Amino acid sequence: MFTIRKATTADCKLIHKLAWQIFPETYKEILSEEQTEYMMEWMYSPENIRKQMEEEGHVYFIAYEECEAAGYVSMQPQGEDVFHLQKIYVLPYYQEAHCGSFLFREAIKYIKEVHPAPCLMKLNVNRNNKALQFYEHMGMKKLREVDFPIGNGYYMNDYIMGIEIS
């Protein structure tokens with residue numbers, strides 16, 4: 001049903017566009033409009049997406065349903081045997097079609113390809129995000145709680161979750 005391809009820097013504007021369709025909707029009941037706009041610029045301006053890819057080691061994949069982009073995922077190596085699932089977002093229309101599960105499994109598949117040894121995949125998820133249940137369903141466990149400043153007086157109030165990949 002879904003296909004996937006690795007994103008390039010030519011896809012920064014597409015990822016930016018998808019983010020604007022997904023992120024505000026996902027967090028509308030959790031974050032203020034001001035914080036959402038701040039975070040969108042911080043994480044999702046085309047320039048910052050390009051920087052993530054070119055300088056910070058983020059690898060993005062985009063899921064498609066036929067010719068339409070349905071969502072994206074990004075991972076980043078974080079140490080010898082740790083990968084961070086930085087982003088996984090799906091357009092609301094495709095969430096019930098299990099695009100998120102598809103992207104999650106593809107992230108694990110990619111990590112296994114680039115790192116055949118056992119490792120840990122971690123992610124941050126807002127403690128009030130309904131996606132928490134999705135991650136638990138996918139086999140992730142809560143490792144700890146964190147509150148860290150992201151600038152402008154805003155904080156991310158997250159669980160750090162992890163799953164062993166072997």
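Sequence positions, counted from 1, serve as the residue numbers for this chain. Note that the structure is a prediction, hence the values are computed from the model and not measured.
For Tyr110, there are no side chain to side chain donor-acceptor pair (under 3.5 Å) partners two or more places apart in sequence or in a different chain. When the ring-ring contact (aromatic ring centres under 6.0 Å, His included) test is applied to Tyr44, the partners found at least two apart in sequence or on another chain are Phe23. Every side chain to side chain donor-acceptor pair (under 3.5 Å) that Gln52 has, sequence neighbours left out, goes to Tyr60, Lys87. Applying the ring-ring contact (aromatic ring centres under 6.0 Å, His included) test to His137 and every residue at least two apart in sequence or in another chain returns nothing. For Asn48, the side chain to side chain donor-acceptor pair (under 3.5 Å) partners at least two apart in sequence or on another chain are Ser45. Evaluation of the side chain to side chain contact (heavy atoms under 4.5 Å, CB included) rule for Tyr64 yields Thr3, Arg5, Leu14, Ile62, Ala69 as partners, not counting sequence neighbours. For Tyr159, there are no ring-ring contact (aromatic ring centres under 6.0 Å, His included) partners two or more places apart in sequence or in a different chain. In this view, Phe83 and His115 satisfy the ring-ring contact (aromatic ring centres under 6.0 Å, His included) rule, not counting sequence neighbours.
Looking only at side-chain heavy atoms (C-beta outward), Tyr72 and Val90 stay at 4.5 Å or farther from each other. Ile111 places a side-chain heavy atom less than 4.5 Å from the side chain of Cys119.
A side chain to side chain donor-acceptor pair (under 3.5 Å) check over residues 92-107, counting only residues at least two apart or in different chains, returns the pairs Glu68-Tyr94. Within the structure, salt bridge (charged side-chain N to carboxylate O under 4.0 Å, His left out) contacts touching residues 36-50 (residues at least two apart or in different chains) are Arg50-Glu54. Annotation: salt bridge (charged side-chain N to carboxylate O under 4.0 Å, His left out) contacts involving residues 14-23, sequence neighbours excluded, are absent.
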So Met156 and Met39, side chain to side chain contact (heavy atoms under 4.5 Å, CB included) or not? Walk me through it. CA-CA 10 Å; Met156 290 181 74; Met39 292 179 75; 4.2 Å; yes
Atom pairs and distances, side-chain donor-acceptor, residues 142-154, under 3.5 Å, sequence neighbours left out:
unit_1 : atom_1 : unit_2 : atom_2 : d
Asp147 : OD1    : Arg127 : NH1    : 3.3
Asp147 : OD1    : Arg127 : NH2    : 2.8
Asp147 : OD1    : Asn157 : ND2    : 2.6

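Following chains of ILVMFWY side-chain contacts shorter than 4.5 Å, one can reach Leu31 starting from Trp20, so the two form part of one hydrophobic cluster.
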